[in-house]
Amino acid sequence: MSNNRVSRRQFLGYTLTGVGGFMAAGMLMPMVRFAVDPILQQHEGGDYVLTDQAVADITEEPVRVDFTFEQTDAWYKSEVTNSAWVYKEGDKLIALSPVCKHLGCTVNWAGSPEHPTQFFCPCHAGRYEKNGQNIAGTPPLGPLDEYQVKEQDGFVAIGAVRDNTLV
Amino acid sequence: MHFIGKEIDQYLNQQDYIDTVVVPLLQIDLSETGMKSSAGASEYLQNLTALLEKQFKGRILLLPPISYGKTADRQRIADELTKEVEHTKFKHVFYLTTDSEWRTLDSLKNVLWLPAIPIEDMDQSFKNSVMEDQLRQVLPLFTKEWSHHS
Ligand code: FES
């Protein structure tokens, strides 16, 4: 009977392991959450966001279309507005990401007067063709990303971002 | 780039490209009568600088707002900041503020002073368009500075 008694030393040992375990869990849990969060966010972004841009007004000339969605950063919810360059190729809608593939500035269609049929990045003069193909000799090393895009009740709806499929 | 660990890694690798530092200067007023407009100005300034960062992410490093009280010695702040930036590789420094007192100080170059617009009660899309408008006033000042000395 007395063999099963917990000695003072054992008791201390158990409690300390317990406390240590708690502390470890306390430190690990937030880390796990941080690691997992980006994956969750991507999932949320997977849905289409309806914009107020009528598909009928889209031509072959890229226009900027803004779309707003709610983003949750850990405990903080905020509205994020992103934009896409949208144009028609025949009947097909195309939406390109404005994020420069060099260091992430925002590119503009016809942003440079000398190159009215290209995307232009004001930061280091990066340039892209209309389909997003980066122009050799300018800093970007890859083509602009593409958004999934569809028509919803006559309006443009923007989906997830993916690698460029046009070039 | 934002002043956060991950983006500083990128900054350190690309210092030749990210040659501009942007410093928001923010006055904090905690008096009961001044708090509301001070907070509004803070919101406006941080909104604007966030938009600016998004536009020029690959060329600017946006610092967190340098905050100080009403009676702060702005000359001293200016001197400290100048000294801090002096030995870096940044070629251009911009200060953005809604605090008009900075206009009387001429030791700082490139102080962009903008009157704060209360944006807290605007709905999202109106706010976006107002802030875009504000941004459009600031952008050319950057591109002009860059094209002059690059
Ligand atoms: S970030 Fe676009 S060219 Fe450098």
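The chains referred to below are lettered A, B, ... by the order of the sequence lines, with proteins before strands, and numbering in each begins at 1.
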Checking A/Asp52 against chain B: side chain, backbone, both or neither under 4.5 Å from a heavy atom?
neither
Under a 4.5 Å cutoff for heavy-atom pairs, which residue among B/Met1, B/Glu53, B/Glu132 has the most contacts with chain A?
B/Glu132
Candidate pair A/Glu79 and B/Lys127, rule salt bridge (charged side-chain N to carboxylate O under 4.0 Å, His left out), full reasoning:
CA-CA 12 Å; A/Glu79 299 235 308; B/Lys127 184 162 93 187; over 6 Å; no
Could you tell me the separation between the SG atom of A/Cys100 and the CZ atom of B/Arg59, rounded to the nearest 0.5 Å?
12.5 Å
Inspect the surroundings of CD in B/Gln75 and state if more than 12 heavy atoms from other residues, nucleotides or ligands are less than 6.0 Å away.
yes
B/Tyr17 OH: over 12 foreign heavy atoms closer than 6.0 Å
no
Taking everything shown except B/Gln124 itself, do over 12 heavy atoms lie less than 6.0 Å from its CD?
yes
Drop me the distance from B/Ile60's CD1 to A/Cys105's SG, to the nearest 0.5 angstrom.
8.0 Å
Give me the atom names and distance for the closest heavy-atom approach of B/Gly58 to A/His124.
O-CE1, 3.1 Å
Closest non-hydrogen atom pair between B/Gln55 and A/Cys123, with its separation:
O-SG, 4.3 Å
B/Asp106 atom CG, neighbour heavy-atom count above 12 within 6.0 Å:
no
Is the number of heavy atoms from other residues, nucleotides or ligands under 6.0 Å of A/Leu141 CG greater than 12?
no
Counting only heavy atoms not in B/Met35 (residues, nucleotides, ligands), do more than 12 fall under 6.0 Å from its CE?
no
For the atom pair CD (B/Gln14) and NE2 (A/His102), what is the distance rounded to the nearest 0.5 Å?
5.5 Å
Under 6.0 Å from the CG atom of B/Asp123, do we count more than 12 heavy atoms belonging to anything else shown?
yes
By a 4.5 Å heavy-atom criterion (distance strictly below it), what part of A/Thr81 contacts chain B: side chain, backbone, both, or neither?
both
Heavy-atom count around B/Lys70 NZ within 6.0 Å, excluding the residue itself: above 12?
yes
Which pair of heavy atoms, one from B/Lys54 and one from A/Thr106, lies closest together, and at what distance?
O-OG1, 3.0 Å
Choice from B/Thr143, B/Asn128, B/Thr20 maximising heavy atom contacts with chain A below 4.5 Å
B/Asn128
So B/Gln10 and A/Leu103, do their side chains get closer than 4.5 Å, heavy atoms only?
yes
